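Only this structure's heavy atoms are used, side chains among them; waters, hydrogens and symmetry mates stay out. Please read all numbers here as calculations on a predicted model, not as lab measurements. Labels below follow one simple rule: chain letters A, B, ... track the order of the sequence lines, proteins then strands, and each chain is numbered from 1.
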Protein chains: 2
Amino acid sequence: MERVAIIGASMTQFGQRDEWIRELLAEAGSACLEDAAVDPTDVDHLYVSNMASGEFEGQTGVVNALVHDLGAVPAYTERVDQTSSSGGAGIYAAWRSVASGASDMTLLVGGEKMTHRTTAEATDVIASLTHPCEYKHGVTLPSFAGLTARHYLERFDAPRESLGKVAAKNHKNGVDNPNAQFQKEVDLETILESPIVADPLRLYDFCPITDGSAALMLCPESVAAEYTDDYVVISGIDGATDTHVVHERPDPTIMGGVVESGDGAFEMADREPDDVDVAELHDMFTILEFLQMEGLGFAEQGEAWKLVEEGYTDRDGELPINTSGGLKSKGHPLGASGVAQGVEIYEQLMGEAGPRQVDADVGLCCNVGGFGNCVITTIMEAAA
Amino acid sequence: MERVAIIGASMTQFGQRDEWIRELLAEAGSACLEDAAVDPTDVDHLYVSNMASGEFEGQTGVVNALVHDLGAVPAYTERVDQTSSSGGAGIYAAWRSVASGASDMTLLVGGEKMTHRTTAEATDVIASLTHPCEYKHGVTLPSFAGLTARHYLERFDAPRESLGKVAAKNHKNGVDNPNAQFQKEVDLETILESPIVADPLRLYDFCPITDGSAALMLCPESVAAEYTDDYVVISGIDGATDTHVVHERPDPTIMGGVVESGDGAFEMADREPDDVDVAELHDMFTILEFLQMEGLGFAEQGEAWKLVEEGYTDRDGELPINTSGGLKSKGHPLGASGVAQGVEIYEQLMGEAGPRQVDADVGLCCNVGGFGNCVITTIMEAAA
């Protein structure tokens with residue numbers, strides 16, 4: 001089967017934006033069309049990754065608004081929702097549209113507009129994805145993160161500081177990302193003394209609430225060659241789920257969806273974890289970066305914290321993780337986040353990451369929905 | 001490329017249901033697993049067609065709930081939203097999952113829970129898909145239908161009764177569908193004297209608000225043979241959009257998305273409109289049945305009403321349309337409707353339609369979102 005290429009990428013400024021979801025999607029979509037030098041009328045399929053435009057903004061039918069705003073009618077369009085991993089699911093949907101032969105040019109735009117709602121309102125929409133048997137006891141996503149972090153630190157004898165170092169690293173990376181919500185370093189002391197949210201996790205262990213949008217252009221490799229000599233291919237991609245009731249999982253430090261989707265993506269790409277040069281992981285909570293490093297095979301169980309302490313995942317380390325700043329400093333506009341992970345890996349593989357650039361031929365992104373309820377892992381490679 | 005087969009189908013009772021969206025989806029999903037004799041652990045991908053569980057019920061993450069409730073973890077799962085055509089979009093998404101090689105067994109479940117909300121609340125959620133430049137003037141979907149019906153009747157010199165006859169026919173068909181919301185005949189006089197909603201359209205020109213769910217099981221044809229000798233194949237499928245601003249369309253009686261998606265599906269199937277033996281069209285409003293008959297090539301422009309008058313689209317006519325009762329009498333639970341169209345065509349082609357059975361080898365369904373903003377056309381054939 002012919003490989004699926006990525007020939008363009010874009011993202012908007014992430015942060016607190018005045019624009020509504022329609023405008024945010026159109027901004028990233030237009031920029032991606034321009035980046036790929038694709039005429040809107042040449043787009044066959046348009047996917048929109050978005051969790052909750054109706055709940056956040058009272059706006060449904062965003063796909064039809066976008067296909068109109070971009071001038072891409074009569075392109076087929078569809079909204080993809082998989083909660084916080086909607087963006088990764090969008091990459092998978094866009095990949096399938098090309099791999100199935102249904103589309104020769106697919107534009108994926110992910111976005112979310114959230115900051116006009118209070119934190120309580122926004123997190124309540126997100127919390128409604130949890131199972132009622134846990135939700136009714138008030139165990140929402142930050143609570144799961146706190147419980148899991150406590151368990152991890154005690155069981156693997158990891159210092160509390162190791163979690164803080166994830167936040168410090170990602171904030172440091174974000175300084176060089178002009179589209180990041182927070183472009184500032186935060187020192188370890190500030191992180192470790194910030195207000196407790198879900199013990200032992202503190203404010204700086206959590207990503208912010210964010211507005212923003214990101215986009216990718218996908219097509220068959222044979223079509224890519226008509227547009228450019230330099231492009232990226234998706235060599236492996238897979239998605240998987242874990243139990244909806246989080247406390248049913250046999251080991252709270254193992255996210256089955258990460259393991260399964262990672263295995264599937266590595267098998268498809270015929271790659272090993274050691275082959276990966278740069279990765280974007282879903283650091284919605286700092287503890288998640290450890291769990292994904294271990295679930296994807298970058299570290300043994302209970303050992304990821306040591307690699308972070310050693311600087312292995314720093315930008316100049318062996319495996320730079322979240323060079324974009326991650327969700328932690330770049331921000332987490334739900335439907336956009338997984339797409340923006342793809343944008344960072346695309347730019348790294350294309351050599352377009354500016355001051356964030358690392359030496360990379362193979363990149364990976366892992367996008368997590370719920371508390372590992374659904375996960376997408378994507379492996380990309382520079383086209384040789 | 002190997003063809004995609006459908007090996008199982010199910011739908012719940014449509015109507016006013018006490019169950020919530022989670023339960024409705026699980027009911028159809030379980031029944032479909034049973035109908036196809038597929039073990040839940042053999043499902044690779046699970047798609048859920050649903051427009052607005054968050055807006056209607058405050059419930060997000062329905063895909064993870066369903067994969068859990070069916071015992072299908074770690075199957076990949078994704079919610080597909082394309083407003084009223086989410087079900088048809090789900091068939092297309094399920095088709096792509098198999099055609100791309102990503103899944104060897106895909107379960108599609110469409111559903112919506114609406115009747116716990118008032119009609120005003122439910123239609124306001126739906127109205128939020130329209131373009132603000134029209135919405136702010138109060139021009140919602142029923143208004144477009146009224147304006148279009150008036151234009152059609154006057155321009156093509158069609159009698160008002162012809163629209164009523166669409167409603168009467170579909171109600172008559174629904175009598176024999178045990179899952180239909182309304183299993184009763186309605187005479188033409190009652191229809192023509194019902195209260196005006198959007199002149200010239202009256203109450204009986206509109207589909208009801210409905211709870212319900214429907215499901216289909218898709219796999220490659222080679223896998224289908226492991227489960228059954230009798231199955232259906234999707235021989236053609238395509239989706240397309242039209243302008244988001246309805247008044248920008250050059251001819252209000254031509255829905256570009258119907259024409260484009262129909263052309264694409266017929267081309268893929270290597271079929272002509274004359275080859276179709278039975279069709280399910282999206283009769284959310286009676287006038288839409290005329291527009292789809294014409295857009296799909298079953299009638300010349302301005303002539304569909306004559307075919308309805310002649311009985312051409314009756315169950316014993318040349319081309320039976322909406323043998324299920326259509327949205328008009330079966331009901332219209334948004335995300336379920338397009339899937340339920342597929343269920344009816346599957347049952348007709350399998351010879352499982354009971355008292356509704358017609359003689360058919362080739363069937364078509366057309367699912368319309370918004371006011372023709374997005375449309376999916378699917379052609380199915382009995383496997384020879």
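In terms of non-hydrogen atom pairs under 4.5 Å with chain A, the most contact-rich of B/Leu129, B/Ile126, B/Asp81 is B/Asp81. Contact count against chain B (heavy-atom pairs under 4.5 Å) is highest for A/Ala65 among A/Ala65, A/Gly256, A/Gly58. Considering only heavy-atom pairs separated by less than 4.5 Å from chain B, the leading option among A/Gly257, A/Ala72, A/Pro132, A/Gly239 is A/Gly239. No other option in A/Asn64, A/Val67, A/Val73 has as many heavy-atom pairs under 4.5 Å with chain B as A/Asn64. With respect to chain A, the highest number of heavy-atom pairs below 4.5 Å among B/Met51, B/His131, B/Glu78 belongs to B/Glu78. Contact count against chain B (heavy-atom pairs under 4.5 Å) is highest for A/Thr77 among A/Thr130, A/Val375, A/Thr77, A/Leu66. Across B/Val63, B/Asp242, B/Thr83, B/Asp124, the residue that shares the most heavy-atom pairs under 4.5 angstrom with chain A is B/Asp242. When B/Ala52, B/Ala89, B/Gly101 are compared by the number of non-hydrogen pairs under 4.5 Å with chain A, B/Ala89 comes out ahead. The candidate with the highest count of non-hydrogen atom pairs below 4.5 Å against chain A, out of B/Trp95, B/Tyr47, B/Tyr92, is B/Tyr92. Chosen from B/Ser128, B/Gly61, B/Gly54, the residue pairing most often with chain A at heavy-atom distances under 4.5 Å is B/Ser128.
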Could you please spell out the steps behind the side-chain hydrogen bond (donor to acceptor under 3.5 Å, both in side chains) verdict for B/Glu55 and A/Thr60? CA-CA 9 Å; B/Glu55 294 89 328; A/Thr60 64; over 6 Å; no

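Side chains of A/Ile376 and B/Tyr76 form a contact here, defined as non-hydrogen atoms less than 4.5 Å apart.
A donor-acceptor pair is defined here as one N or O able to donate and one able to accept, closer than 3.5 Å; no such pair exists between the side chain of B/Glu57 and the backbone of B/Trp20. A donor-acceptor pair is defined here as one N or O able to donate and one able to accept, closer than 3.5 Å; no such pair exists between the side chain of A/Asn50 and the backbone of A/Glu112.
Residue A/Leu107 is tested with A/Leu46, A/Asp42, A/Val48, A/Asp44 for a side-chain contact (heavy atoms from CB on, under 4.5 Å); the sole match is A/Leu46.
For B/Val98, no part lies under 4.5 angstrom from a heavy atom of chain A.
Residue A/Glu267 qualifies as open at atom CD: its count of foreign heavy atoms under 6.0 Å is 12 or below.
Considering all non-hydrogen atoms of both residues, B/Thr377 and B/Val258 come closest at OG1-O, 4.4 Å.
Side chain to side chain, A/Arg96 and B/Ser97 fail the donor-acceptor criterion of an N or O pair below 3.5 Å.
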